[in-house]
Number of protein chains: 2
Amino acid sequence: MKLYTYWRSTAAYRVRIALNLKGIDYIDAPVHLVKSGGEHLTADYENLNPQKLVPVLELDTGQVITQSIAIIEYLDELQPVPALMPASAVERAHVRMLSQLVACDIHPINNLRVLKYLTGELGIKQNQKSDWYAHWIVEGFTAFEKILAGSEYTGKFCFSHKPSLADCCLIPQIYNANRFSIPLDRFPNILRIEQNCLALPAFDKARPESQKDTEL
Amino acid sequence: MKLYTYWRSTAAYRVRIALNLKGIDYIDAPVHLVKSGGEHLTADYENLNPQKLVPVLELDTGQVITQSIAIIEYLDELQPVPALMPASAVERAHVRMLSQLVACDIHPINNLRVLKYLTGELGIKQNQKSDWYAHWIVEGFTAFEKILAGSEYTGKFCFSHKPSLADCCLIPQIYNANRFSIPLDRFPNILRIEQNCLALPAFDKARPESQKDTEL
């Protein structure tokens with residue numbers, strides 16, 4: 001299978017973690033979101049993904065899956081071991097809830113296309129953009145931390161003692177928070193889980209700094 | 001089980017459709033998002049859902065699930081018939097992809113709290129708010145329509161000839177588009193599926209106009 005990715009895209013980063021945790025080999029197809037006006041805006045890429053976003057997973061059958069959580073749930077069904085979802089329905093709901101808190105209510109509001117609209121069409125200033133960015137991360141992480149702190153499911157990772165879909169979503173969001181220098185010391189569970197995740201090779205190898213298209 | 005809902009919340013609307021399709025009885029607990037500064041902003045509600053959003057599904061065990069797609073996937077696992085997800089992994093990925101296109105990349109950017117930030121902190125004008133709203137719906141629906149038009153999975157509904165999670169997400173988003181008078185004639189598949197869905201009692205009963213807390 002082939003993953004259309006961009007080193008700094010945190011949605012692609014989620015999928016890279018999942019592929020690594022599963023030990024699934026994939027062809028790494030970088031799509032530069034910034035260079036030459038954006039490689040994701042070409043007609044060819046739009047035919048692949050009408051949303052013009054990364055990640056895209058292209059299967060060997062030619063079938064295309066977009067949306068990072070849809071991709072990760074697919075990978076987990078395709079190759080159930082090691083599992084990225086817990087065993088019971090109510091536990092899976094907990095993991096999906098945490099994952100969607102990040103994937104629906106933090107990340108999309110701070111995505112590149114939204115920031116471009118804010119600075120372009122709406123003409124907001126740099127400091128207003130930074131405040132916007134920080135606002136949604138802090139609001140989301142405050143809720144995420146509270147859920148972690150109050151749940152008996154919380155362990156070494158977001159759910160118990162093995163990485164799950166929720167960790168695949170959390171770690172890239174922390175990367176984004178750090179990129180914008182947002183202080184995270186109010187979120188001790190989040191920071192603890194980050195440490196546990198980044199100690200694993202699957203997470204380390206998926207980091208934006210370690211991709212073949214990385215520009216630092 | 002008890003559903004914390006608001007008649008006009010499209011995320012809650014998704015869950016109401018799913019509960020009705022499953023024929024699951026639930027206690028309807030309205031949370032007024034506008035009245036008295038917002039009932040979702042009380043300390044009690046924040047203890048229930050640290051994100052201070054609807055919907056919340058409270059199980060008879062006291063366990064709480066937030067995030068509409070996590071709730072619907074839970075309901076589908078709890079009571080698998082009638083199924084809201086197709087049988088194979090790759091088909092489920094298609095349904096999740098469509099669902100998340102709406103739930104991650106259209107709805108959250110136009111959510112009440114984001115619009116409040118735009119008109120409050122950023123001081124944008126009414127016409128800029130309307131343009132923002134329309135922009136994300138048209139961008140998202142353009143991609144959604146293109147996927148529907150190009151997929152052999154598309155049938156009477158988003159996936160084949162039975163309603164799925166994707167239809168639970170699409171119909172409330174169309175309601176929002178209509179509320180803001182956004183022309184949808186460019187999206188024939190979306191409009192056709194809307195007609196097929198709204199002809200079903202499960203969808204009809206879930207409409208914002210038919211809730212016990214409806215204010216028209």
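A note on names: the letters A, B, ... follow the listed sequences, proteins ahead of strands, and every chain is numbered from 1.
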Worksheet item: Once you round to the nearest 0.5 Å, how far does NE2 of A:His94 lie from OH of B:Tyr74?
Response: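 So the NE2 of A:His94 and the OH of B:Tyr74 are separated by 14.0 Å.
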
Exercise for the section: Provide the closest heavy-atom pair for A:Val114 versus B:Trp132 in the form atom of the first, atom of the second, distance. Expected result: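 Looking at all heavy atoms of both residues, the closest pair is CG1-CH2, 3.7 Å.
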
Given a strict heavy-atom distance threshold of 4.5 Å, which part of [X] is in contact with chain B: side chain, backbone, both, or neither?
X	answer
A:Tyr153	side chain
A:Asn47	both
A:Glu139	side chain

Scored by heavy-atom pairs under 4.5 Å with chain A, the best of B:Glu145, B:Glu46, B:Arg92, B:Arg113 is B:Arg113

With chain A, the option among B:Leu122, B:Leu101, B:Val64, B:Ile109 that has the most non-hydrogen atom pairs under 4.5 Å is B:Leu101

Only pairs of heavy atoms separated by less than 4.5 Å count here; which of [options] has the most with chain B?
options	value
A:Leu98, A:Val90, A:Asn111, A:Leu118	A:Val90
A:Ala93, A:Cys104, A:Gly150	A:Cys104
A:Glu73, A:Glu121, A:Lys146, A:Gln100	A:Gln100

What part of [X] gets within 4.5 angstrom of chain A, counting heavy atoms only: side chain, backbone, both, or neither?
X	result
B:Asp76	neither
B:Val95	neither
B:Asp131	both

Do the ring planes of B:His135 and A:Tyr117 sit parallel (below 30°), tilted (30 to 60°) or perpendicular (above 60°)? tilted

(Q) Using a 4.5 Å heavy-atom cutoff, which residues in residues 65-72 of chain B come close to chain A? (A)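 Interface residues of residues 65-72 of chain B: B:Ile65, B:Thr66, B:Gln67, B:Ile69, B:Ala70.
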
Is atom [atom1] of [X] surrounded by more than 12 heavy atoms (other residues, nucleotides or ligands) closer than 6.0 Å?
X	atom1	value
B:Arg179	CZ	yes
A:Asn127	CG	yes
B:Arg192	CZ	yes

Solution key, residues 52-61 of chain B side-chain donor-acceptor pairs under 3.5 Å, sequence neighbours excluded:
residue	atom	partner	partner atom	Å
B:Glu58	OE1	B:Tyr4	OH	2.9
B:Asp60	OD1	B:Met1	N	3.2
B:Thr61	OG1	B:Gln63	N	3.3

